Chemist: 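The structure is given below, and queries will be raised subsequently.
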Amino acid sequence: MLEFLRQTIARDFEVDPQRLQGDARLQDFAIDSLGLIEIMFAVEERFGIVVPPERPDARTQIDTLGDLVRYLEHLVVTQHTSSDENPVS
């Protein structure tokens, strides 16, 4: 996930990938809420998940690249696990 986000952000926001470490603050790269939505669309397409329009927990902060990685990895695991448990007939 981290590598995919690095590539996506580097390409779409013209950021040096070397600067994209886990503690990098998204706002330092001019990634606003609209930019975050664009990233979410790319993640949905790549990983076959659906990112909810609102975070399920208002306490979930997405300020850094590491925060974003943890949030998206949780969604991937949760959605892929639940789809494996409930196969469509």
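These values consider heavy atoms only, across backbone and side chains, with no hydrogens, waters or symmetry-generated copies. Because the structure is a prediction, the values reported are computed rather than measured.
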Chemist: Hydrogens and angles aside, do Q21 and R6 bring a side-chain donor and acceptor to less than 3.5 Å of each other?
Modeler: yes
Chemist: Can you see which heavy atom on F29 is nearest to which on A24, and at what distance?
Modeler: CE1-CB, 3.5 Å
Chemist: Rounded to the nearest 0.5 Å, how far does CG of L68 lie from CG of L2?
Modeler: 9.5 Å
Chemist: Rounded to the nearest 0.5 Å, how far does CD of E44 lie from CD1 of I39?
Modeler: 12.5 Å
Chemist: Taking atom NE2 of H74 and atom CD1 of I49, what is their separation to the nearest 0.5 Å?
Modeler: 10.5 Å
Chemist: Taking the side chain as everything from C-beta on, heavy atoms only, tell me whether L5 gets closer than 4.5 Å to V43.
Modeler: yes
Chemist: How close do I31 and L36 get, heavy atom to heavy atom, and via which atoms?
Modeler: CG2-N, 3.9 Å
Chemist: Any donor and acceptor pair, going by atom type alone, linking the side chain of Q61 with main-chain N or O of D67 inside 3.5 Å?
Modeler: no
Chemist: How long is the span from the CD1 atom in I62 to the CE atom in M40, to the nearest 0.5 Å?
Modeler: 4.5 Å
Chemist: What are the two closest heavy atoms between A42 and F4, and how far apart are they?
Modeler: O-CZ, 3.6 Å
Chemist: Which heavy atom of H80 sits nearest a heavy atom of G48, and at what distance?
Modeler: NE2-O, 4.0 Å
Chemist: Rounded to the nearest 0.5 Å, how far does CD of E14 lie from CD1 of I9?
Modeler: 13.5 Å
Chemist: Specify the closest pair of heavy atoms between T64 and D23, including all atoms of both residues, with the distance to one decimal.
Modeler: CG2-O, 3.9 Å
Chemist: Quick check: are there more than 12 heavy atoms from other residues, nucleotides or ligands sitting under 6.0 Å from CD of E3?
Modeler: yes
Chemist: For a 4.5 angstrom cut-off between non-hydrogen side-chain atoms, does M1 reach F47?
Modeler: yes
